[in-house]
Amino acid sequence: MKKLSILIFFVFTTAMYSQKRANELDKSNSSLVEVLVSTGISSATSTFSDNSYAADGSFFELSSTYYFSKIGLGASLGSFSNPTEGNLLKFAEKVAYPIEFNSEKWKTTYYGIGPSYKTNIGSLEAIIFAQVGSMSVKPIDLEGSFNSENADAATSIPVYNYSTNETSKTGFYNAGIRLGYKLNPNLGLYITANYLSAFSDKIIARDGSKQFADINKDGIINEIDIIRQDGVLVDFQYTEKNIQPQVFNYGFGVSYSFGKRTIKIGGTEKPYSKGNSDINTKKPMNTGSIVFTNPSKENKKRQQKLIGILPKNNSTFKNAREIKNFTWEIIGTKIPNPQFIIEVTKITNNQQSQRTFIEKTSSTSLSATRIFKENKLSDGQYRWKVTETTTGNSSANMYFTFSNCEIDFTISNEEIECLGYEQENRKYKICFDSTYSSTSGDLTFANPGSGLSVFDQTYAPISYTLVSPNPTILTQIGASTTTVSYCFEVTVSASVTQIGFGLQGDDLDPSPVLCQPGVSANFDELPDCICNECEEIELSFNNFNISLNGTSGNQFNFDGDINVNVPIYGIEFQIQSYSYSASPNACSEGVSSVEESGMLLMPGTTINGSTSLQLFNETASGSPSSNNNATKSIKYTSNSALTGAIPVNLTVGLPGPISGLDPSCCTINYSVCIKVKVFYEESNCKSCVFTHCFNFNNQ
């Protein structure tokens, strides 16, 4: 009962905690099939053990689950066995004469079906599941004999018997949890725990023993009593026991998943929008405490989307008549009187347009013959998309091929993951499977310009790096179906909103007939570079103080303590923007040097009392008078964890009053937006970003 209580508490806690977390499956409408193999310890409950001598044994289970989103439906086939030898020996120790037992294992097989719920706890994947089904329990026969060597001849007398007559079948239910970690997009490891019980205790066991008399009146039944009574002739006395198999199974296993494309929300950095807390004062000293907001906790509104349906991505046709219709649908808010433009473009190996067909319609389906008219289409790869003109929403690009060759070439299991930021650029890792078969020839990539291409929403090429499991593009034999997994990494600027990629093989036919395998895929929504850890990280700027630095009137000290609710290993400050207004207007000449253009200045700037800082020196202005001690971004790192209040003194250069003018005669209002990036891993690879705008004046 204690084990059951612990399991119920753990499952309940996991379910409640997961409601606070963003689930990966919330970010996509993907379907997924997951196959799991698990093994471990099968621990009999006291109810099962007391009536059947069952002890701790082992279990094995093969299961598969189809996930519609977070919810899935699964089926399992398994078995568990529980030895009886140990508990029989305990029984033998209670009597005064030696008993030799022949023991067996309780062997149970089962199959069931039931729902599953998948969520995330940090970097772990949690699955809560329940099932019902049928259980089959094999018959068991346990025998105990008294063996004596003291008689004239060796004597073996049966004194105990416990048995069931036939294989018993009954219904069962189970419930439990799995915690898993993904080694790659498909393969994972997990630990599991579940409670499994038969619905009833209708399995009947005959429990028989012999009752001997105390002939020598010494108060115990011993060998002498059994031999004198010729124990062979003593009859067994039987009772019946109701058996209800109940076990706790806990162990580990391996999972393999496959299905439609998923978008993984991961990475190492989280962008934050500007906070709304401003400090406005009319005194030279501005003090207070600022708590930076965490917009990641706000719910995102579901957006309207346009989804292409047919022809399916990377389909192959011999001619336009085989396509029949182009179809699509709108997901989200209904659009009144929608107007669509469909574009079909023949493309080259490097995604350049050769010819484009355009047609308008108000329906969500359009005949291919209406688009292509009577044009004879040449072999090659085409892409198509639909745009709704009143909203501007467009579908992602989808691809198809016209070819008289026998080719089956697909991309599947596409997955994109944000690896974090490199300065202001985002770094993504994209993985996919290339599956190929063809009677026309092998898939090769020998010709210049062939192989993998990566491009943005304007079809401009993007540089990439192939990474494990295959750092090069491989040949695939056409005689049999083969699948090769690829991953590549790209670093893109904020202007990139889509990432497309494609594989283009060599021409399989040396004649003028084009027989060139090609497939493409497109991520029209890039995942946010958000990590779950950032959702719980909070940052505040306490003992806030802004004061003039010296008498020049164009430098300000931002002093205070940075407080983070987790240990960190580095801090980076960046001036994102600044603005100012002078009253009267003529009292300030504005920016008269690089140092006055919203720059962090050295010396004077310290973090955690240190001037050993990494400066990203000013070069953007191109000014020959650039100061190597002036920067927009400055970073401090530590080899040990930083906790508690971290003192910060930032000297910021801003436009000031005209030189020689009494500052009290020139009121200047400033707005300075500073981005704070905190690194919460010793490697400085994972970070969270907060931004706040400070409003103050020089009076």
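Please read these numbers as outputs of a predicted model, since none were measured by experiment.
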Report yes if some heavy atom in the side chain of [X] is under 4.5 Å from a heavy atom in the side chain of [Y]; otherwise report no.
X	Y	answer
F573	I674	yes
P657	I668	yes
I575	V672	yes
M599	K632	yes
S640	Y569	no
K118	Y67	yes
N397	Y459	yes
N649	T605	no

Which of these, T491, T458, D456, V490, sits in a side chain to side chain contact (heavy atoms under 4.5 Å, CB included) with V496?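 Single pass found, and it is D456.
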Given T643, L642, T637, the one that forms side chain to side chain contact (heavy atoms under 4.5 Å, CB included) with I568: L642
Nearest non-hydrogen partners of [X] and [Y], listed with the distance:
X	Y	answer
F455	I462	C-CD1, 3.6 Å
S38	Y190	CB-OH, 3.1 Å
A521	I411	CB-CG2, 4.3 Å
S116	F129	OG-CB, 3.6 Å
D559	S547	OD2-OG, 4.5 Å
L654	G598	CD2-CA, 3.9 Å

Output yes when a side-chain donor or acceptor of [X] lies under 3.5 Å from a complementary backbone atom of [Y], and no otherwise.
X	Y	answer
Y428	P527	yes
K427	V492	no
R426	C418	no
N470	S485	yes
N554	G653	no
E489	L419	no

Quick one: do Y670 and F556 satisfy ring pair (Phe, Tyr, Trp, His ring centres under 6.0 Å)? Show the steps, please. CA-CA 11 Å; Y670 300 96; F556 291 84; 5.1 Å; yes
Give a yes or no on whether the ring-centroid distance for [X] and [Y] is below 6.0 angstrom.
X	Y	answer
F432	Y486	yes
F696	F558	yes
F694	H692	yes
Y464	F501	no

Once you round to the nearest 0.5 Å, how far does [atom1] of [X] lie from [atom2] of [Y]?
X	Y	atom1	atom2	result
I562	S540	CD1	OG	7.5 Å
D561	N563	CG	CG	6.0 Å
I416	C487	CD1	SG	12.0 Å
I430	E414	CD1	CD	10.0 Å
C666	N698	SG	CG	6.5 Å
T65	L36	OG1	CG	6.0 Å

Checking disulfide bond (SG atoms under 2.5 Å apart) for the pair C665/C587: CA distance, chi angles, key distance, verdict? CA-CA 8 Å; C665 298; C587 72; over 6 Å; no
For F252, does the six-membered ring have the charged nitrogen or CZ of R178 within the cation-pi criterion, i.e. under 6.0 angstrom from the centroid and within 45° of the normal?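 Relative to the ring axis of F252, which defines the angle, R178 lies outside at least one limit.
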Tell me whether K635 forms a cation-pi arrangement with F679, defined as NZ or CZ under 6.0 Å from the six-membered ring centre and within 45 degrees of its axis. yes
Do [X] and [Y] have a side chain donor and acceptor closer than 3.5 Å?
X	Y	answer
T651	N549	no
N669	Y580	no
Q498	N522	yes
T631	S633	no
S610	N608	no

Full working for salt bridge (charged side-chain N to carboxylate O under 4.0 Å, His left out) between K429 and E415: CA-CA 8 Å; K429 181 179 180 181; E415 182 175 287; over 6 Å; no
Output yes when K675 and E572 qualify as a salt bridge under the 4.0 Å nitrogen-oxygen rule, no when they do not. no
Do C673 and C693 have their SG atoms under 2.5 angstrom apart?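 Yes, C673 links to C693 through a disulfide.
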How far apart are the C-alpha atoms of L613 and M602, what are their side-chain angles, what is the distance that settles it, and do they pass the side chain to side chain contact (heavy atoms under 4.5 Å, CB included) test? CA-CA 10 Å; L613 307 175; M602 294 289 291; 4.2 Å; yes
